[in-house]
Amino acid sequence: MNKMQNPETLVIANANKMTARKVQVHYGTNHAIKDVDVDILDKTVTAFIGPSGCGKSTFLRCLNRMNDTIPVCRVSGELLLEGENIYDPRVDPVQLRAKVGMVFQKPNPFPKSIYDNVAYGPRIHGLTRNKAELDAIVESCLKKAALWNEVKDRLDSPGTGLSGGQQQRLCIARAIATSPEVLLMDEPCSALDPIATAQVEELIDELRSQFSVVIVTHSMQQAARVSQKTAFFHLGHLVEFGDTGQIFTNPGDPRTESYISGRIG
Amino acid sequence: MSTVLLLGVVLVLAAMAFVLCRGRALASAGGDMRRLHSLPEAYGWHGALMVALPALAVLVLWLILQPVVIARSVGAILPVTTTTQTADEAQSAQNAEELALMDVRRLAAGIDSAVSSGQMAEVAPDGAGADMAALQEALAASGVALGGAITPETLAAAQKYRSLSAIGLTARTVFTLIAALAGLAAAIMLTQKDFRARNRVEAVIKMLLIAASSVAILTTVGIIYSMLSETLNFFRLYPVSDFFFGLTWSPNFRGNSEFGLIPLVWGTLYITLISMLVAVPLGLFSAIYLAEYASPRTRNVIKPLIEVIAGIPTVVFGLFALVTVGPFLRDWVAQPLGLGDSGSSVMTAGIVIGILNIPFVSSLSDDIINAVPQSLRDGSYGLGATKSETIRQVVLPAALPGIVGAILMAGSRAIGETMIVSMGAGAAAKLDLNPFEAMTTMTVKIVGQLTGDTDFASPETLVAFALGMTLFVITLGLNVLALYVVRKYREQYE
Amino acid sequence: MTDTATPTPTESLLRPSRLMSRRNAAERRFRLYGITAIAISLLVLAIMLFTILRDGVSAFRQTSVTFPVVLTAEALDPSGSLDAAAMAKVTTIGYGKVIDSSFLAFLQAEGLAVDGLSDKDARAILSKEAAGQLRAQVLAEPALVGQTITMTIWTNARIDGYFKGRVTMESAERDGNVSPEQLQLADLLAENGALSRPFNWQFLTGPDASDQRPEAAGLGISIIGSIFMMIIVALLCVPIGVAASIYLEEFAPKNRWTDLIEVNISNLAAVPSIVYGILGLAVFINFAGFPQSSSLVGALVLTLMTLPTIIIATRSAIRAVPPSIRDAALGIGASKMQTVFHHVLPLAMPGILTGAILGLATALGETAPLLLIGMVAFVDNYPSLSAAGALDPATALPVQVYGWAQRSDPAFIERSSGAIIVLLIFLVIMNAAAILLRRRFERRW
């Protein structure tokens with residue numbers, strides 16, 4: 001995919017991967033997400049922006065049912081992955097999360113070797129038949145995560161010994177090793193320095209060729225740089241959703257404009 | 001004056017000093033509290049401490065030193081020959097002297113009580129001219145039973161003992177009171193409005209706090225010193241290598257004892273192993289369930305229930321082993337399998353100690369599992385791992401060092417457990433593989449050798465100290481290792 | 001789709017894959033292990049408490065026979081002076097005869113007889129302890145001589161065991177200490193209404209009894225001993241423990257010495273209790289010359305043993321008081337000492353007391369070190385109830401449990417379990433106090 005092409009024209013061509021309709025989230029008595037409708041397109045980077053506490057991370061965690069681990073959290077409405085409701089009682093969240101992977105704010109490599117970190121997903125999901133296949137997956141994922149050259153000589157050393165940026169790329173490699181269809185990223189660069197951030201952003205742009213990526217970010221510049229679609233959340237509402245260029249240059253809602261120009265948030 | 005009365009007098013003087021000094025301080029400031037350096041109470045406390053501390057110091061010193069001094073001067077007139085050369089003979093001579101002194105003390109106490117209750121006339125100061133038989137009879141009539149016949153030397157020594165004690169008692173009272181009064185005078189002299197009473201009082205309190213925290217050190221020193229000295233005495237009587245590498249344990253109070261440690265260590269380790277096989281899986285799985293699966297409400301009910309086990313005294317577990325578990329295992333397992341018909345066995349003690357250790361393992365593991373950061377769990381769930389996969393492959397490996405520490409501590413507790421093994425494991429020291437046989441442990445033998453009449457000169461008694469020392473070193477080593485491992489683990493996630 | 005080896009086609013989420021059902025089965029199994037572990041632990045706890053209750057509750061009731069006893073003057077007061085000193089010449093044997101003849105007369109009067117049961121065996125169903133009690137009663141009130149009083153006298157432990165289900169006709173056949181005929185006589189007495197099972201106060205207040213008289217064994221001395229020890233332990237442990245904790249938390253400079261003390265305390269908390277017993281024997285009894293078996297020595301040993309626990313609990317209570325409180329006090333010019341004693345200590349007090357009570361509860365149940373300092377000895381004289389009583393020989397509740405469990409007569413297992421019930425009641429009260437204290441005063445910062 002050529003970076004010089006105008007992203008917006010490509011987006012239109014891509015199919016719908018995930019669809020959210022009238023999604024509500026309650027934390028106990030707190031109504032955290034109200035009536036959110038979003039379409040996540042295939043092979044597209046979608047950015048969720050908004051001030052702290054606006055619900056963007058909460059909504060992201062609904063997309064692979066990570067909120068299930070919080071007992072007081074209730075989700076209602078319709079959330080479809082390729083036309084199938086992921087909150088259907090027949091759906092196993094474990095199986096869902098293999099298709100909708102997640103990368104977290106703070107790099108969280110397991111206290112295992114670099115190899116075992118990446119091989120973790122394929123192993124638990126039984127994706128490989130032998131060691132050679134697993135080796136191939138680990139190598140290709142580390143390459144995709146632009147980490148291979150840095151770690152190929154020390155795959156057996158612990159993942160916790162890497163630098164912050166390397167750890168985060170290791171976590172991305174770990175997430176794509178299960179070959180998910182959608183990759184969720186919850187402020188993946190907030191714990192990184194500018195150089196590591198640039199590397200991860202470049203990586204996200206490359207990942208777009210294979211996955212649909214959803215990224216939550218605090219940085220509007222980051223959203224503008226990496227995404228094709230942007231959703232602006234405010235106080236649990238989805239205020240505006242559209243092409244990134246349009247949201248940043250010509251926002252339709254005064255709240256979006258205030259946020260982008262730095263008056264709120 | 002009796003010790004209690006003397007203490008009372010000192011306390012009354014201290015209270016007086018409080019009132020006097022407080023009043024004097026106020027008077028020196030013309031009744032205006034604001035012109036004092038410290039609060040009036042501080043001057044009062046200063047006075048009280050000035051009275052009580054020196055007086056108590058004199059009293060305590062006297063209480064410790066008087067028996068030693070008297071024993072030395074009385075011992076000098078006792079006819080015990082101490083012209084021996086070898087360590088062995090010196091040891092027995094020392095014991096004879098101690099026994100003679102004990103007789104003197106008992107006789108002196110007997111005469112005291114008989115005289116004070118009016119059943120006997122006072123005896124001549126040097127014991128001269130007394131009728132030994134009549135004296136013994138008179139003492140027996142007033143309820144004082146003596147071991148052997150009274151010799152003139154013993155009687156003379158006893159009389160000297162009595163007179164010295166009486167002098168000591170008077171001198172003690174006088175010196176204690178002098179110290180108290182001197183303190184009172186000094187405190188009153190010092191008290192005036194610019195005196196920094198609070199700082200002085202606080203310095204003294206701080207010294208007391210330091211003294212209190214040194215008790216822990218003193219305890220350790222006491223443990224090591226008392227066991228080490230008697231252990232060395234034991235090794236003077238019994239070869240070190242025979243103790244550590246001997247395969248037979250057969251103490252015999254008539255001599256010719258064999259004190260091989262190996263059978264006891266084997267019994268101890270065998271029982272510990274079985275207890276760990278019970279405690280670790282049950283404790284660890286309980287902890288995993290409580291930490292990872294249980295709802296907060298279930299957790300709040302189950303966790304205290306499991307900890308009830310930890311609050312039950314070990315002797316209760318001992319009775320449970322003796323009355324319930326032992327016969328059950330014998331009738332339903334050992335006999336049908338032809339493995340013996342002993343109610344007390346390694347299995348019985350091991351299982352019951354294991355049960356005792358369940359809450360220990362589970363609460364330590366629970367803490368450690370909870371210390372594993374949630375982000376690791378999220379990372380695993382985010383990749384589509386199930387809960388059990390996350391626990392087995394992420395949480396437990398991350399918590400492993402801490403869990404190993406917890407297991408080491410549980411092992412050290414099992415090794416040092418006494419009541420359950422003495423009631424459930426039996427007393428036969430042997431090297432056997434059959435877990436349904438009665439075997440025994442170091443702790444059981446310590447109890448066995450030290451209860452009843454103890455003669456601190458015989459190897460049969462002293463061996464208990466060597467066992468105690470071995471036990472102390474083993475458990476200390478395990479605990480230090482465990483604390484080190486756990487501390488390293490906690491640092492990793494802080 | 002990509003260059004990686006992932007041939008899996010997109011599957012529907014609604015149909016679980018084969019692998020997924022296997023993984024979910026593993027998940028359920030794992031969960032089941034946890035539940036099983038908890039269930040086994042709690043089940044064993046329940047069985048243990050149940051067996052102890054089952055065996056022990058009956059110790060609080062004692063089978064007794066009520067019948068008139070004729071206190072014949074010739075037998076009990078040969079001099080006829082009604083003077084206690086002169087009457088004291090009559091030993092328990094004389095009183096035993098009085099009881100025996102009164103009992104036989106009572107059996108005859110009521111027409112209770114069993115074929116093949118000799119008079120000697122018939123009167124043997126009464127406890128041998130009765131004579132001593134009657135003697136004490138008569139010597140206390142000499143005017144009773146010559147009268148006929150109605151007495152309730154214990155039966156011996158076998159007859160008692162028969163009514164508690166421990167002894168049966170079959171076991172009596174094989175038992176040298178009781179015969180089936182004696183049991184039949186006991187049945188007759190029960191039908192007659194002379195047998196009763198009143199609450200056994202003697203079990204709580206009486207002294208220990210010899211191997212042959214389990215029916216008379218009581219916990220009085222061990223309860224007194226335990227209470228003595230708890231008082232001394234509390235008086236020593238709490239002030240020293242609190243003082244040490246205050247120093248370590250608030251004043252100690254961070255240096256080698258403090259580190260040494262800290263490591264030392266955590267190690268002392270894990271030293272096997274029996275080592276403290278060795279320490280007590282060597283230092284307090286052998287070196288310092290305190291009397292063996294006395295509650296003072298027991299208390300000193302338990303104090304040293306409990307101190308690390310109390311220090312650890314107190315330190316965490318002190319640490320839980322937020323630094324802002326200290327800053328506030330120091331900021332208005334209080335000295336460090338005033339800050340600690342006026343602010344930190346009162347706020348930490350509930351936590352300290354909770355820890356102290358729990359530490360005392362552990363000390364109350366501790367047995368092993370007390371065995372070494374001679375508290376397992378047979379003691380049947382009450383210690384004096386003054387402060388000096390701490391120097392008298394005594395036993396302790398848990399040691400009494402152990403002592404009775406070591407005896408051969410099965411009736412002592414009942415006593416032992418009964419003693420555990422008493423011990424557990426004490427522990428429940430102490431723990432409940434600790435919980436209440438925590439609930440009542442717990443503060444969250």
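Chain B forms more heavy-atom pairs under 4.5 Å with one residue of Leu268(C), Val399(C), Leu260(C) than with any other, namely Leu268(C). Looking only at heavy-atom pairs under 4.5 Å with chain C, the residue among Val4(B), Ile306(B), Val316(B), Val308(B) that has the most is Val316(B). Among the candidates Thr475(B), Leu319(B), Ile358(B), the residue making the largest number of heavy-atom pairs closer than 4.5 Å to chain C is Leu319(B). Counting heavy-atom pairs closer than 4.5 Å to chain C, the top residue among Met409(B), Glu230(B), Lys206(B) is Lys206(B). Chosen from Ile240(C), Ile274(C), Asn431(C), the residue pairing most often with chain B at heavy-atom distances under 4.5 Å is Ile274(C). For the set Pro308(C), Ala368(C), Pro239(C), the entry with the most heavy-atom pairs within less than 4.5 Å of chain B is Ala368(C). Ranked by heavy-atom pairs under 4.5 Å with chain B, the list Gly365(C), Ala39(C), Gly34(C) is led by Gly34(C). Annotation: maximal heavy-atom pairing with chain C below 4.5 Å, among Tyr289(B), Tyr225(B), Phe465(B), Phe472(B), occurs at Tyr289(B). The candidate from Asn286(C), Ile373(C), Thr258(C) with the greatest count of non-hydrogen atom pairs under 4.5 Å with chain B is Asn286(C). Chosen from Ser286(B), Ala211(B), Pro281(B), Gly416(B), the residue pairing most often with chain C at heavy-atom distances under 4.5 Å is Ser286(B). With chain C as partner, the option from Asn199(B), Ile391(B), Val201(B) having the largest number of non-hydrogen pairs under 4.5 angstrom is Ile391(B).
Interface remark: Ala464(B) contributes backbone atoms only to the contact with chain C (heavy atom separation under 4.5 Å). When heavy atoms are compared at a cutoff of 4.5 Å, Ile210(B) approaches chain C by way of both its backbone and its side chain. When heavy atoms are compared at a cutoff of 4.5 Å, Leu49(C) approaches chain B solely by way of its side chain, counted from C-beta outward. Both the backbone and the side chain of Leu305(B) come within less than 4.5 Å of a heavy atom in chain C. Looking at Thr324(B), the atoms closer than 4.5 Å to chain C (heavy atoms on both sides) all sit in the side chain, from C-beta outward. For chain B, the nearby part of Met20(C) is the side chain; its heavy atoms alone come within less than 4.5 Å. Looking at Leu483(B), only its side chain comes within 4.5 Å of chain C, counting heavy atoms on both sides. Heavy atoms of Ile420(C) lying under 4.5 Å from chain B belong exclusively to its side chain. When heavy atoms are compared at a cutoff of 4.5 Å, Leu358(C) does not approach chain B at all. Residue contact with chain B, scored on non-hydrogen atoms closer than 4.5 Å, is absent for Ser245(C). For Ala270(C), the parts lying under 4.5 angstrom from a heavy atom of chain B are both the backbone and the side chain. Contacts of Ile38(C) with chain B are made by both backbone and side-chain atoms, with heavy-atom separations under 4.5 Å. Contact of Ile446(B) with chain C is made through backbone and side chain together, with heavy-atom distances under 4.5 Å. Contacts of Ile355(B) with chain C are made by side-chain atoms alone, with heavy-atom separations under 4.5 Å and no backbone atom involved. Looking at Thr51(C), only its side chain comes within 4.5 Å of chain B, counting heavy atoms on both sides. Only the side chain of Val323(B) comes within contact range of chain C, with at least one heavy atom under 4.5 Å from a heavy atom of that chain. Residue Arg198(B) touches chain C through its side chain alone, counting heavy-atom pairs closer than 4.5 Å. Proximity to chain B is limited to the side chain of Leu427(C), based on heavy atoms less than 4.5 angstrom apart.
Every side-chain contact (heavy atoms from CB on, under 4.5 Å) that Ala419(C) has, sequence neighbours left out, goes to Leu219(C), Val401(C), Trp404(C).
Defined by atom type and a distance below 3.5 Å, a donor-acceptor pair is missing between the side-chain atoms of Thr443(B) and Glu417(B). With 3.5 Å as the limit, one finds a donor-acceptor pair spanning the side chains of Ser388(B) and Glu27(C).
Contact check for Leu423(C) versus Pro398(C): side-chain heavy atoms found under the 4.5 Å cut-off. Between Phe341(C) and Ile246(C) the shortest side-chain heavy-atom distance falls below 4.5 Å. Looking at Met423(B) and Val352(B), their side chains never come closer than 4.5 Å, going by heavy atoms from C-beta outward. In this structure, Glu202(B) and Gln338(C) have side chains that are in contact, with non-hydrogen atoms separated by less than 4.5 Å. Using a 4.5 Å heavy-atom cutoff, the side chains of Leu370(C) and Val376(C) are not in contact. Here the side chains of Leu42(C) and Ile302(B) are in contact, with some heavy-atom distance below 4.5 Å. Residues Tyr293(B) and Thr298(B) fail the side-chain proximity criterion, which asks for heavy atoms closer than 4.5 Å. Using a 4.5 Å heavy-atom cutoff, the side chains of Glu262(C) and Arg315(C) are in contact.
In summary, Glu389(B) and Arg23(C) engage in a salt bridge, as defined by a charged side-chain N under 4.0 Å from a carboxylate O.
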Open item on the list: Is there a side-chain contact (heavy atoms from CB on, under 4.5 Å) between Ile309(B) and Val44(C)? Walk through the geometry before answering.
Closed with: CA-CA 10 Å; Ile309(B) 300 178; Val44(C) 172; over 6 Å; no

Task: Pair Asp55(C)-Arg415(C), salt bridge (charged side-chain N to carboxylate O under 4.0 Å, His left out): steps then yes or no - done: CA-CA 8 Å; Asp55(C) 294 347; Arg415(C) 300 276 143 174; over 6 Å; no

Task: Worked verdict on Arg166(C) versus Glu414(C) for salt bridge (charged side-chain N to carboxylate O under 4.0 Å, His left out) - done: CA-CA 10 Å; Arg166(C) 200 167 54 233; Glu414(C) 175 200 64; 3.3 Å; yes

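Heavy-atom neighbours of Tyr484(B) OH from other residues, nucleotides or ligands within 6.0 Å: at or below the threshold of 12.
The aromatic rings of Phe285(B) and Tyr33(C) stand perpendicular to each other, their planes meeting at an angle above 60°, with 30° marking the opposite boundary.
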